Structures are given as C-alpha cells and as structure tokens.
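For reference, the structure discussed in these notes is given below.
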There are 2 protein chains.
Amino acid sequence: MTVTIVDSQATPVQEKIEKIFSKTDDLGVCPVRGILDRIGDKWSYLTIIHLGNSGKLRFNELKAQIGDISQRMLTVTLRSLEEDGLVQRHIYAEVPPRVEYQLTALGESLLQRMIDLAEWANMYKAEIVKARSRYSKN
Amino acid sequence: MTVTIVDSQATPVQEKIEKIFSKTDDLGVCPVRGILDRIGDKWSYLTIIHLGNSGKLRFNELKAQIGDISQRMLTVTLRSLEEDGLVQRHIYAEVPPRVEYQLTALGESLLQRMIDLAEWANMYKAEIVKARSRYSKN
DNA sequence: CCGAATCCAACTAGATACTG
DNA sequence: CAGTATCTAGTTGGATTCGG
C-alpha cells in the first residue's frame, strides 16, 4: 500500500530488484553483494577499464597506465580479479621474468557494464559538480 | 602498434575509454574518478537500489530494508548522496519528526546503471563462484 | 523519530626494503 | 621485472550517548 510511485514503469523496476536481491543462499545474504563488494572497490574498476582498453598488459605497463596505484595494491587487485575469473595471468619463463595480464571473456562482459557506469559519470559530471556547490552554500 | 585485440569491435571500446578518461581537469586527474569513488562505496549502491525499489522511504524504513547498515553509516551515505544531487530529503515539521528520502531524476538515471551491474552479478554469480573454487585448488 | 557527536577498534592502503 | 614482507598512517565503521 505504500506504493505511490509514478506507476507507469514502477513495477518492472521493483520486480527486477526484488528478483536480484532475493536472499536465496544459506547465509540469508544475497550473493550479489559479495560480488559487487569485490568489483566495486577503488582499484578493480580502473584495472578492468585499462586492461579492456589495451587488451594485454605487463605488470608495470598497467601500473603506469593507472598512474597512482601502488605496487602492492595492483598486486592485490589483480589476484582478486584472477580469483574471480575476470583476469587471466600469463607467466613466461624468461629472464627477466615477463607476466602479462588480460581480461577473460567474463571480464570482457563486465567491462561493458563498467564503461556504462563511467559514461554515466561522464555525462552527468557537470550536474553533480553543480549540485555539490549548491549543497555547500548552506 | 600494440593493438592486437580481436579488432572487430576493439577500436570503439578504446575510443570510448579514451574519451571518458581523458585527464581534462586542472588537477590532471579525470573527474569521473571522483564521482565513481563516491557512488562505488559499500553502502551507496545499496541505498540507491532500495530507494529505487520503494520510491520514497523514511529513515528507519530504509534502515530496516538494507538490514545491516548502522545508523551512522546510513546518515553519512544519505548526506553524501544528497550532496551529489542524487537523493532528495523531505523534512516535515511534525512531532515526532518525519523525514522522507527519494531519488532525484539524476538518481533515477544512475539507478538504471546500478541495476545493470546487479543483473550482471546475478547472471554470472555461478561462474564466479566456480572460478573461486577453482582458484583455491592451487 | 531522526540524527549529530564522540570514542575507539578494525581494516586499508602507501612507503620501504628485500627476493627469485 | 614482478612480485613478497613488514611496518605504519590514515580511513572506515560500529557502539554509545545525547539532542531537537
């Protein structure tokens, strides 16, 4: 009864959310959260974007592209993405060692959602900056 | 020359990323990052999803829906979203006080991207869980 | 009922130094 | 080159208390 939304497209959205966030696992917590927590952290999405951009990168190339990531955090992030099957690591038995990273097919499918989000931010950044300055004038 | 991707759709993706992440502001850092850092934190996307789901919610209703968020974090998150113009706060001068929150038009537009991301996670969660167990067997 | 303020524990991430 | 290990500063977030 509390439903007082515009009611034209309201129900479809609710159904989607309801469906996605249903707590179906044994812990009573929806499994989507665990995934979003991993890919939603500060460095994961930048790593995915840059890997998607270049296709295949060595450790230090990737580090240089992202710019302000520390060696430690890049290692940690890459391991996490590798564990989730989003990134593939290729090790070449050479001296000096060479290691290349690239997105898996799963990673590529996520890349598209990441780009969508980045495009959203890009499209509305002016509006957000405006809102922030409006907010600070209180 | 380092471009050795599938080359069918490779360039469009690169162009998109290039365009979005160009460092055009005076700080030499792309403005998209600042926005994604804000909306990509642990509680913002949950807050947006639940507000999108219900349309309009009082503070404690929202808190109950999210479940495991503390009062402090919900307050902090809502202020941040309000500052960015994603959430609107309605205060009713009553006793006891009543405060309602709902997404702005800007927030609604972000909601769709959030749902897309959640749907991605929902669609591929089995594959990710599989990858994780495969990874742990090393 | 809504939320501000303070305190404190836990986690995060950078700097640095070292290794195969 | 591509990491690992350790240490520490900074940040986050929960618990609690108080106020309008």
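All values below come from the heavy atoms of this structure, side chains included, with hydrogens, waters and symmetry mates left out. Lettering follows sequence order; numbering is per chain, from 1. As the structure is a prediction and not an experimental result, all values here were calculated from the model.
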Could you tell me the separation between the [atom1] atom of [X] and the [atom2] atom of [N], rounded to a whole number of Å?
{"X": "B/Arg72", "N": "D/dA15", "atom1": "CZ", "atom2": "C1'", "result": "11 Å"}
{"X": "A/Arg58", "N": "D/dA2", "atom1": "CZ", "atom2": "C1'", "result": "9 Å"}
{"X": "B/Arg98", "N": "C/dG3", "atom1": "CZ", "atom2": "P", "result": "13 Å"}
{"X": "B/Phe59", "N": "D/dG20", "atom1": "CZ", "atom2": "P", "result": "18 Å"}
{"X": "B/Asp37", "N": "C/dT12", "atom1": "CG", "atom2": "P", "result": "16 Å"}
{"X": "B/Gln71", "N": "C/dT6", "atom1": "CD", "atom2": "C1'", "result": "14 Å"}
{"X": "B/Lys42", "N": "C/dC11", "atom1": "NZ", "atom2": "C1'", "result": "11 Å"}
{"X": "A/Glu82", "N": "D/dA2", "atom1": "CD", "atom2": "P", "result": "15 Å"}

Handout entry: salt bridge (charged side-chain N to carboxylate O under 4.0 Å, His left out) evaluation trace for A/Arg58 with A/Glu100
Key = CA-CA 4 Å; A/Arg58 301 183 60 168; A/Glu100 288 181 343; 5.6 Å; no
Problem - A/Tyr101 side chain near D/dC1 phosphate (N/O to OP1/OP2, under 4.0 Å) - result: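 Checking A/Tyr101 against D/dC1: no side-chain N or O falls below 4.0 Å of OP1 or OP2.
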Exercise for the section: Indicate whether OP1 or OP2 belonging to C/dG3 is found under 4.0 Å from a side-chain N or O atom of B/Arg79. Expected result: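 For B/Arg79, the contact criterion (side-chain N or O under 4.0 Å from OP1 or OP2 of C/dG3) is met.
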Exercise for the section: Using a 4.0 Å heavy-atom cut-off across all strands, classify B/Tyr92 as base, sugar-phosphate, or nothing. Expected result: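 It contacts nothing in the nucleic acid.
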Practice task
Could you please name the option among C/dC2, C/dG14, D/dG3 that lies closest to any side-chain atom of A/Met73?
Solution key: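 Of the candidates, C/dG14 comes closest.
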Exercise for the section: Please determine, for the side chain of A/Thr75, which listed nucleotide (C/dG3, D/dG14, D/dG3) has the closest atom? Expected result: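 Selected nucleotide: D/dG3.
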Exercise for the section: Using a strict 4.0 Å threshold on nitrogen-to-oxygen distance, state whether B/Arg132 and A/Glu83 make a salt bridge. Expected result: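 Between A/Glu83 and B/Arg132 there is no salt bridge, as every charged N stays at least 4.0 Å from the carboxylate O atoms.
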Handout entry: A/Tyr92 six-ring centre to A/Arg98 NZ/CZ under 6.0 Å and within 45° of normal
Key =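 Verdict for A/Tyr92: a cation-pi partner in A/Arg98.
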Practice task
Of all the heavy-atom pairs spanning A/Ile48 and A/Leu103, show the shortest one and how long it is.
Solution key: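 For A/Ile48 and A/Leu103, the tightest heavy-atom pair comes out as O-CD1, 4.0 Å.
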